[in-house]
Protein chains: 2
Amino acid sequence: MLSFFTVDCLIFTFHEGKLKVLLNERNEYPYRDWWAMPGYFVDKQEEMEQAVNRIAYEHTGLKNIYLEQLAAMAGLKRHPEGRILTVAYMALVRYDDVKNKVKPVTNYMRQAKWFDVNEVPELAFDHNDILKLGLKKLKRNLNYSTAPFELLPEKFTLTQLQQIYEAILGETLDKRNFRKRMSNLGYLKELDEYQTGVSYRAARLYKLDKRKFLKLFT
Amino acid sequence: MLSFFTVDCLIFTFHEGKLKVLLNERNEYPYRDWWAMPGYFVDKQEEMEQAVNRIAYEHTGLKNIYLEQLAAMAGLKRHPEGRILTVAYMALVRYDDVKNKVKPVTNYMRQAKWFDVNEVPELAFDHNDILKLGLKKLKRNLNYSTAPFELLPEKFTLTQLQQIYEAILGETLDKRNFRKRMSNLGYLKELDEYQTGVSYRAARLYKLDKRKFLKLFT
DNA sequence: ATTTAATAGTGTAAAAAATACACATTATAT
DNA sequence: ATATAATGTGTATTTTTTACACTATTAAAT
């Protein structure tokens with residue numbers, strides 16, 4: 001057997017107040033013409049995470065991105081050819097880092113496109129389930145993970161951070177309460193720098209203090 | 001290839017105030033003589049969860065037990081023969097249901113034994129990591145999952161429930177505060193029944209109200 | 001120079017949840 | 001009757017969460 005198993009990768013980013021996920025339009029049976037998570041076979045001599053990084057690199061031009069394993073799917077009926085074992089991952093990338101990336105076209109896929117996570121069509125295989133899993137995991141771990149900061153530039157405003165919380169939680173938050181809570185966490189560094197290039201009052205920039213974060217959660 | 005991939009299963013139970021995990025003493029290379037999680041190959045025509053249930057059944061005599069998928073491990077160097085893809089699960093069983101089960105002996109394993117999760121030796125493969133993962137997941141999801149109730153008989157006392165919380169969290173809790181918190185959750189049914197067979201004041205029994213629980217967490 | 005538009009940034013009071021803490025009660029065994 | 005072993009309960013304090021609205025700042029438009 002040339003190919004042993006596959007990895008699929010939900011690639012999330014954040015842009016214009018929305019959480020987005022990158023999907024491929026398949027050009028191959030089964031599910032030709034359907035949208036699906038990026039994914040491909042893991043080479044025989046390749047580590048699984050390497051394969052995920054390879055796929056993410058082809059789609060984003062980025063290496064060593066933030067990854068979390070979501071689940072292994074092995075249903076006998078997932079694929080008409082028989083069981084194809086797939087390990088699903090979730091990746092988080094900064095929109096600024098990927099916005100100019102040319103979208104890949106291969107034999108296998110016709111195009112790649114960012115979808116608002118709330119406007120995802122019916123996907124190939126069990127990919128809608130996996131998306132749900134990813135969103136649920138993001139939400140559940142929100143307060144213990146650096147996920148929000150993986151979606152933001154290194155220096156960010158509190159409004160941007162709040163928008164990410166809102167997108168992940170699927171609800172709006174009160175500005176004053178959010179800011180109070182964030183500053184009580186103790187792992188945000190307030191910088192003496194401000195936003196530039198906006199036509200209104202520039203907001204203060206913040207950074208994640210990784211040291212303090214790790215101290216709290218390890 | 002006769003065997004495609006394996007599943008491993010952490011089987012947890014709760015007994016005498018301790019969280020326990022069932023381990024096998026291996027009788028096969030690699031890691032002969034080491035303790036390891038129960039696990040075995042998934043048959044070609046067998047669903048993955050079926051395989052986990054089969055393994056759990058061999059060890060506990062129970063069918064349709066509570067299962068959660070933990071992780072897929074696929075390192076090229078996990079096994080001297082090359083990559084063996086393994087999907088790790090965690091199962092929760094009631095001690096009353098398994099205490100009389102005869103422990104399996106096969107070609108592959110010499111014996112099975114319950115270990116206090118805090119007294120687990122160095123295990124085969126990456127099984128210590130998987131155990132850590134399982135314990136972490138139990139802890140993190142404690143307040144959103146029925147896990148504690150999967151470890152208890154249908155009718156239980158608040159002291160038993162508290163002991164499970166303490167074992168999972170790894171810390172002691174205040175009795176009065178714990179009871180207050182539990183009754184505020186709203187999904188515990190207070191029964192008009194009491195413990196029997198104890199030589200001291202019998203405690204009131206409680207039940208999980210699954211309907212109310214589901215309403216809160218779905 | 002003034003106005004407009006857009007977002008940043010801030011405080012307080014009330015409610016809810018978490019914490020700290022100790023003793024009387026009850027059932028059984030002797 | 002007494003000893004034993006665990007059950008079951010209340011209150012005060014602190015902390016956290018929630019609800020809520022206006023002024024400040026900047027750049028662009030007039």
Side-chain angles (χ1 to χ4, degrees), chain A residues 14-18 95 139-140 142-144 148 152-153 155-207 212 216-217, chain B residues 14-18 139-140 142-144 148 152-153 155-207 212-213 216-217:
Chain A
F14 184 76
H15 182 51
E16 290 176 338
K18 307 279 187 187
Y95 188 75
K139 194 164 169 178
R140 180 156 286 181
L142 185 53
N143 296 316
Y144 321 107
L152 286 171
K155 300 172 183 183
F156 51 84
T157 71
L158 291 182
T159 298
Q160 291 172 321
L161 185 60
Q162 182 175 343
Q163 286 172 337
I164 287 187
Y165 270 72
E166 290 178 336
I168 291 175
L169 293 173
E171 58 182 316
T172 59
L173 300 173
D174 177 87
K175 182 155 65 154
R176 279 174 291 191
N177 293 339
F178 179 78
R179 285 163 183 244
K180 213 183 312 171
R181 193 151 62 83
M182 286 302 119
S183 71
N184 283 341
L185 292 176
Y187 54 74
L188 289 191
K189 242 187 288 195
E190 180 179 297
L191 304 178
D192 284 328
E193 295 177 59
Y194 294 83
Q195 240 178 342
T196 55
V198 289
S199 72
Y200 44 78
R201 176 174 178 182
R204 183 187 284 276
L205 296 174
Y206 290 76
K207 250 175 128 171
K212 288 190 182 163
L216 283 171
F217 297 112
Chain B
F14 183 76
H15 182 51
E16 289 177 339
K18 307 278 187 186
K139 195 166 167 176
R140 178 155 289 181
L142 184 54
N143 296 314
Y144 321 107
L152 285 171
K155 300 174 184 182
F156 51 83
T157 70
L158 291 181
T159 298
Q160 291 172 322
L161 185 59
Q162 181 175 346
Q163 286 173 337
I164 287 188
Y165 270 72
E166 290 178 337
I168 291 176
L169 293 172
E171 58 182 316
T172 59
L173 300 172
D174 178 86
K175 181 156 66 156
R176 278 174 292 188
N177 294 339
F178 179 79
R179 285 163 183 244
K180 213 183 311 168
R181 192 151 63 82
M182 287 302 118
S183 70
N184 284 340
L185 292 176
Y187 54 73
L188 289 192
K189 241 186 287 193
E190 181 179 295
L191 304 177
D192 284 328
E193 295 177 57
Y194 294 83
Q195 242 178 340
T196 53
V198 288
S199 72
Y200 44 80
R201 177 176 178 181
R204 183 186 284 275
L205 295 175
Y206 290 77
K207 248 176 128 171
K212 289 190 181 164
F213 182 90
L216 284 171
F217 297 111

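Order of the sequence lines fixes the chain letters, A, B, ..., with proteins taken first and strands second; residue numbering starts at 1 for each chain. Predicted model only: the values in this text are computed from it and were never measured.
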Visitor: Could you identify which residues of residues 175-194 of chain B place a heavy atom less than 4.0 Å from some atom of DNA chain D, listed by residue number, or say none?
Guide: Lys175(B), Arg176(B), Arg179(B), Lys180(B)
Visitor: Dump the pairs, protein N or O against N or O of nucleotides 28-30 of chain C, anything under 3.5 Å, distances to one decimal.
Guide:
none

Visitor: Does anything in residues 184-207 of chain A form a ring-ring contact (aromatic ring centres under 6.0 Å, His included)? List the pairs, not counting sequence neighbours.
Guide: Tyr187(A)-Phe213(A)
Visitor: Working to the nearest 0.5 Å, report the span between CG of Leu216(B) and CG of Leu185(B).
Guide: 8.0 Å
Visitor: Nearest whole Å is fine: how far is dA18(C) P from Asp174(B) CG?
Guide: 13 Å
Visitor: Can you give me every donor-acceptor pair (side chain of residues 163-175 of chain B, partner residue at least two apart or in another chain, under 3.5 Å) with its distance?
Guide:
{"residue": "Glu166(B)", "atom": "OE2", "partner": "Gln162(B)", "partner atom": "NE2", "Å": "3.1"}
{"residue": "Glu166(B)", "atom": "OE2", "partner": "Leu173(B)", "partner atom": "N", "Å": "2.8"}
{"residue": "Asp174(B)", "atom": "OD2", "partner": "Arg176(B)", "partner atom": "N", "Å": "3.1"}
{"residue": "Asp174(B)", "atom": "OD2", "partner": "Asn177(B)", "partner atom": "N", "Å": "2.8"}
{"residue": "Asp174(B)", "atom": "OD2", "partner": "Asn177(B)", "partner atom": "ND2", "Å": "3.4"}

Visitor: Could you give the CG-to-P distance, from Leu158(B) to dA6(D), as a whole number of Å?
Guide: 16 Å
Visitor: Within the 4.0 Å heavy-atom criterion, would you say Thr159(A) contacts the bases, only the backbone, or no part of the nucleic acid?
Guide: sugar-phosphate
Visitor: Lys180(A): what forms a salt bridge (Lys or Arg N to Asp or Glu O under 4.0 Å) with it, not counting sequence neighbours?
Guide: none
Visitor: Who are the side chain to side chain donor-acceptor pair (under 3.5 Å) partners of Ser183(B), not counting sequence neighbours?
Guide: none
Visitor: Once salt bridge (Lys or Arg N to Asp or Glu O under 4.0 Å) is applied, do any residues pair with Arg204(A), and if so which ones, sequence neighbours excluded?
Guide: Glu190(A), Asp192(A)
Visitor: Looking at every non-hydrogen atom in both residues, tell me the closest pair between Arg140(A) and Tyr144(B) and how far apart they are.
Guide: NH2-CB, 3.4 Å
Visitor: Minimum heavy-atom separation for Gln160(A) to Phe14(A), with atom names?
Guide: O-CE2, 4.4 Å
Visitor: Of all residues at least two apart in sequence or in a different chain, which pass the side chain to side chain donor-acceptor pair (under 3.5 Å) check with Ser199(A)?
Guide: none
Visitor: In chain order, what residues pass the salt bridge (Lys or Arg N to Asp or Glu O under 4.0 Å) check against Glu193(B), with sequence neighbours excluded?
Guide: Lys155(B)
Visitor: Which heavy atom in Ala202(A) sits nearest to a heavy atom in Gln195(A), and how many Å separate them?
Guide: CB-O, 3.2 Å
Visitor: Round to a whole Å and report the spacing from CZ of Arg204(B) to P of dT26(C).
Guide: 13 Å
Visitor: In whole angstrom, give the distance that lies between atom CD of Gln160(A) and atom P of dG9(C).
Guide: 11 Å
Visitor: What residues in residues 164-173 of chain A put a non-hydrogen atom under 4.0 Å from any atom of DNA chain D?
Guide: none
